[in-house]
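For reference, the structure is listed below as structure tokens.
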Amino acid sequence: MLDLLLRAAFLPDGRGPVDIAVRDGRIVDIAPVIEAEAAEIIDATGRLVSPPFVDPHFHMDATLSLGQPRMNVSGTLLEGIALWGELKPLLTPEAVTERALRYCDLAVAQGLLAIRSHVDVSTAPLVGVEALLEVKKRVAPYIDLQLVAFPQDGLYRAEGAEENLIRALDMGVDVVGGIPHFERTMEEGAASVKRLCEIAADRGLPVDLHCDESDDPMSRHVETLAAETTRLGLGGGVVASHVTAMHSYDNYYASKLIPLIAESGMHVVPNPLINITLQGRSDTYPKRRGLTRVPELRAAGVNVAFGQDCTMDPWYSLGSGDMLEVAHMGIHAVPMTSREAMAWAFDSVTLGGAAAMGLPDPSLRVGGPATMVVLQASDPIEAIRLRATRLAVIREGRVLSRTPPRVATLSLDGRPETLDPADYAPPRD
Ligand code: FE2
């Protein structure tokens, strides 16, 4: 007797239609037809069933705070940081916890079951750390939440930031963060990268730095991060986040840098929703897109995983915890429209994010955890095109969330009365 049986699904790698059998939280069979009794059957006929979505870059201490204490008028990163500085003294652990839990509910409904969140540690008391460590415990049954000790105001630029960062790590924060391009000088930025990598190496922790989130073509901390990653052998435990300045580097420098990033083994996490709006603000025309060089990094073998970054906070007024929206924007902003690249964008917000977070490969396979999402789409590209409804979100065999399919009821003479936006057979690769 099975606990759960999904019927006639397609998988992101093109397999299907297949049935997926679940017992004791694990996938016990994937086959064209499975004849077995099951306590629960989900008819996934023609639907895509994928691993859960993963967001390797978020700011949960700031999420859903839009308008507190005011709006970001210029729309720039720097006004966002200043605005966050105005909000910080007003934060309470209760308010941060409440907003974070609300976001986690939204995430689950969107099939987003693993999140790496930066948490500001530049000023004491560590209200965000205290709150998010509690949230991490509370959501553990359904979300893998990792926390990054993030000195938002600069490791050296903010007085006491290093002590606060160490304290946050002692309290149980998982990852060492930083923001070298916000330090006072290039030299202090480079020194912060070295110091943070050494702290991580000493403690055996991963590193995830906001690195060169700038339009300045001379912001070149990612080269220091690659060099330190190689020197200390930190490899796949390191993430360079944002890396928008790479958009503005000259091609020769980029051609030297990208192989160094690949050699180091680190991951790159661009955040297309936020950086398409934050970057290029001081340009007249043309305005730079502010996204890093995704195709070139991919071609060099670097794992690139798109992140959400923000939802309704001092930096971004929109967002919804929807990683398909993130992939959709990534495709437009890079731009990359081949079918191979668009299908890759789907993998980027599932498998790529998991690799960047150091999680086990979440691909659906016999023996693996029955953690998956049933989408109102037939393949990954359709899922991105439609920002497909998550019909069911399943973690270790337990259905956490269901959403009814999006179907329009039409009143048109002589035409079908109902319209399922996913009722279209796209080309099969
Ligand atoms: Fe960020």
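Note that ligands are numbered from 1 as they come in the structure, with each ligand's atoms numbered from 1 the same way. Side-chain atoms are counted along with the backbone in the values below, which use heavy atoms only and exclude waters and symmetry mates. For the single chain, residues carry numbers from 1 onward in sequence order.
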Next on the checklist: I'd like to know if the side chain of E396 reaches the main chain of R26, judged simply by a donor and an acceptor atom lying under 3.5 Å from each other, with no hydrogens or angles considered.
Outcome noted: no
Checklist entry - By salt bridge (charged side-chain N to carboxylate O under 4.0 Å, His left out), which residues pair with E86, not counting sequence neighbours? => result R70
Item to check | Cut-off under 2.8 Å, centre the Fe ion (ligand 1), protein N/O/S atoms | outcome: H57 NE2, H59 NE2, H210 NE2, H242 NE2, D309 OD1
Item to check | Set of salt bridge (charged side-chain N to carboxylate O under 4.0 Å, His left out) partners for R184, sequence neighbours left out | outcome: none
Next on the checklist: Donor-acceptor pair, distance only, cut-off 3.5 Å: does the side chain of H181 make one with the backbone of D212?
Outcome noted: yes
Checklist entry - Got a donor-acceptor contact below 3.5 angstrom from the R289 side chain to the A333 backbone? => result yes
Checklist outcome for this item: So ring-ring contact (aromatic ring centres under 6.0 Å, His included) across residues 259-305, not counting sequence neighbours, yields none
